[in-house]
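All remarks here apply to the structure that follows.
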Amino acid sequence: MHMNRINGNDLLAIGFTQGKILGLALEVLEKHYQDADRDMVLSMMKALAEKPELYLDHEILEDLATKMIEEASAPKDETIDLNVTAKEFAVYGQEHIDEGAVRQMNIAMRLPVTVAGALMPDAHQGYGLPIGGVLAAKNAVIPYGVGVDIGCRMALSIFDIPENHYFENHDFYKKELIAHTRFGAGHGFMRKERAEHAVLDRNEFNMTQFIKNLHDKAWSQLGSSGGGNHFVEWGIIEFSEEDKLLNIAAGRYLALLSHSGSRGLGATLAGHYTRLAKDICKLPKDAANLAYLDMNSEAGQEYWLAMNLAGDYASACHEVIHDKMAKAIGGQLLAKVENHHNFAWKEIWNGEEVIVHRKGATPAGKGVMGIIPGSMAAPGFLVRGKGEDLAINSASHGAGRQMSRTQATKNISHQEMKAILQENKVTLIGAGLDEAPMAYKDINVVMNAQKDLVDVVAKFTPKIVRMADDGSKED
DNA sequence: ATGTCC
């Protein structure tokens, strides 16, 4: 516990300014002055901010003082201009997409690094790049083009268990779902319950002090699901015909579907590197959140490694969940499919290597499998990409909202929600009105709008859904 | 999306 720990706001209050120096100063404080007297350290830092030259011979602050003098005398960053005209981009299901998302996409298409873009049929407004936005950039990566929940993904396990086994043992499956999943912002596992995974031994955790500090939280949250629209659910997957590639015969099977990301680790990394990008890459105000890092720069390479670490961590979380559940039910696995939808990839597009950002978009290269969920009461789909160039080999990552969280909480009643769950024979554990099926677009309409992007392989119908408890019900 | 720490 560091109740009196000096934070960024404290330093801003005594004369530090937003930027790289602030981060360095916080690192020095953490490393050398954690247990020192707060007032003493604050007055020393204040003096340093006013006259860094007095600290050039200081045992600990020498390096920081040097950098502050360099920074102060360096020429000021110039704003990078956007192109006057936006490059054209494909939009799928435009009639169901809000204007804000299209406006944001138009700004993204004016970045000097932009090669191509596309908007998926579940698109809506986000920070910087819209959710459901795909952007191919030349040798640059945009932290907010990936999103806050780095590596957020879907994972599906199909078991060799016929659907009637589920219907006959509903309570057992419900019990195991509750026993082996954990939800809620900030929630993780106590030391004795913690899972192990090779991702925790990854070298990238030692890359910087900032990442090192996130290791313990990452460990405690390994195998947890978080909040918002994240879920773990049992459902029935239906193959209307044999799938030779998966080697699955036509029929209905029990399946486990999960949706979650990189938890606190990814969120903290996303925030850190977005700040860094905004500090380095000054864009006009309406494009500020699209700040990018050069892939050849130290910051760009550091973000790339951190992003990949967060992605692999998110994958590990799903692996832990699916392993626990498979073990609990003792089922034989027929197939496992996984895809991330908040990430950046190096891909070849139109003959050149580009960085493809998918922020809430499913990779849909030719033959690439993905999962597009509907809602807790609507089916989701196992799909195969068609490799559509205009969509930059992408598809939607879900149905998309038709009501904001606030709107949904206001306009939907608990009775209405109960009725639609009953009608679809869905058992719900947790979740608030903001995740009600009516808050989402009709998944069939969305799938229709992306017929050129994916083929449907199988249909997944949710049966027992677990989400985070409704925030309003918590104390 | 995230224990609301730039």
Side-chain angles (χ1 to χ4, degrees), chain A residues 1-30 34 38 42 45 49 71 124-132 143-154 182-190 208-211 213-214 216-218 220-221 224-231 258-280 288-289 291 307 310-311 313-314 317 340-343 358-360 397-398 400-401 404-405 431-432 434-435 467-469 471 474-475:
Chain A
M1 285 295 175
H2 299 278
M3 301 277 286
N4 280 316
R5 188 122 144 222
I6 296 166
N7 63 27
N9 279 331
D10 295 325
L11 293 183
L12 289 170
I14 57 169
F16 280 79
T17 49
Q18 195 62 253
K20 200 168 67 186
I21 295 295
L22 186 64
L24 288 173
L26 286 168
E27 267 180 40
V28 169
L29 291 184
E30 174 142 18
Q34 254 199 73
R38 180 186 159 91
L42 270 178
M45 293 307 279
E71 169 104 347
H124 51 101
Q125 208 172 322
Y127 282 106
L129 197 67
I131 319 296
Y144 260 153
V146 168
V148 173
D149 193 2
I150 299 172
C152 185
R153 65 191 58 216
M154 308 297 309
R182 185 135 321 170
F183 282 82
H187 291 184
F189 295 93
M190 308 293 281
T208 63
Q209 188 60 41
F210 187 85
I211 299 181
N213 292 344
L214 296 170
D216 193 65
K217 179 156 72 176
S220 77
Q221 295 184 334
S224 66
S225 296
N229 58 3
H230 289 170
F231 60 77
S258 53
H259 173 218
S260 57
S262 49
R263 311 287 290 103
L265 172 70
T268 312
L269 290 172
H272 177 75
Y273 287 101
T274 294
R275 271 197 303 276
L276 189 64
K278 283 168 107 166
D279 186 40
I280 293 170
N289 282 330
M307 178 193 77
Y313 172 77
C317 284
H340 36 332
H341 49 227
N342 278 13
F343 212 63
R358 293 189 181 87
K359 187 184 192 181
H397 80 313
R401 287 189 163 275
S404 70
R405 290 186 182 279
D434 51 349
E435 286 299 329
M467 301 187 85
D469 283 336
E474 281 178 47
D475 47 12

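Below, chains carry the letters A, B, ... as their sequence lines are ordered, and counting in each starts from 1.
A ring-centre distance under 6.0 Å is not found for A/His259 and A/His397.
Taking side-chain N and O atoms only, A/Arg405 has a distance below 4.0 Å to OP1 or OP2 of B/dA1. The phosphate of B/dA1 has neither OP1 nor OP2 within less than 4.0 Å of any side-chain N or O from A/Asn342. The shortest distance between the side-chain N/O atoms of A/Arg5 and the OP1/OP2 oxygens of B/dC5 is not below 4.0 Å. For B/dT2, the OP1/OP2 oxygens have no side-chain nitrogen or oxygen of A/Gln221 closer than 4.0 Å.
Of all the heavy atoms in A/Arg263 and A/Gln221, the pair that sits closest is CB-OE1, 3.3 Å. Looking at every heavy atom in both residues, A/Thr268 comes nearest to A/Lys217 through OG1-NZ, 4.0 Å. Closest approach of A/Asn9 and A/Asn7 over heavy atoms only: N-OD1, 3.0 Å. The nearest pair of heavy atoms linking A/Ser260 to A/Ser225 is CB-O, 3.5 Å.
Rounded to whole angstrom, the span from the CG atom of A/Leu269 across to the P atom of B/dT2 amounts to 14 Å. Counting to the nearest Å, the P atom of B/dT2 and the CZ atom of A/Arg182 are 15 Å from each other. Whole-Å rounding puts the A/Phe210 CZ to B/dC6 C1' distance at 10 Å. Between A/His187 atom NE2 and B/dA1 atom C1' the separation is 15 Å, expressed in whole Å. For the pair A/His397 NE2 and B/dA1 P, the computed distance is 8 Å after rounding to whole Å. Spacing between atom CG of A/Leu26 and atom P of B/dC5 amounts to 13 Å, rounded to whole angstrom units. A/Arg153 has its CZ atom 16 Å from the P atom of B/dA1, to the nearest Å. The separation between A/Leu12 atom CG and B/dC6 atom P is 8 Å, rounded to whole Å.
If you check every strand for non-hydrogen atoms under 4.0 Å, A/Glu30 touches nothing. Within 4.0 Å of A/Gly261, counting heavy atoms only, lies no atom of the nucleic acid at all. Contact annotation for A/Gly266: no contact, since no heavy-atom pair falls under 4.0 Å across all strands. Counting non-hydrogen atoms under 4.0 angstrom, A/His230 reaches the backbone sugars and phosphates but no base. Nucleic acid contact for A/Asn9: sugar-phosphate only, since backbone atoms but no base atoms lie under 4.0 Å from a heavy atom of the residue. As judged by a 4.0 angstrom heavy-atom cut-off over every strand, A/Leu11 is placed among residues making no nucleic acid contact.
Picking from B/dG3, B/dC6, B/dA1 the nucleotide with the shortest atom distance to the side chain of A/Lys217 gives B/dG3. Of the candidates B/dA1, B/dC6, B/dG3, B/dA1 carries the atom nearest the A/Asp149 side chain, counting heavy atoms from C-beta on.
Toward the 5′ end of DNA chain B lies the nearest nucleotide of A/Tyr127, the other residue of the pair A/Tyr127 and A/His272 mapping further downstream. Along DNA chain B, the nucleotide nearest to A/Asn229 and the one nearest to A/Arg275 differ in position, and the one closer to the 5' end is contacted by A/Asn229.
Open room surrounds OH on A/Tyr127; 12 or fewer heavy atoms of other groups in view lie less than 6.0 Å from it.
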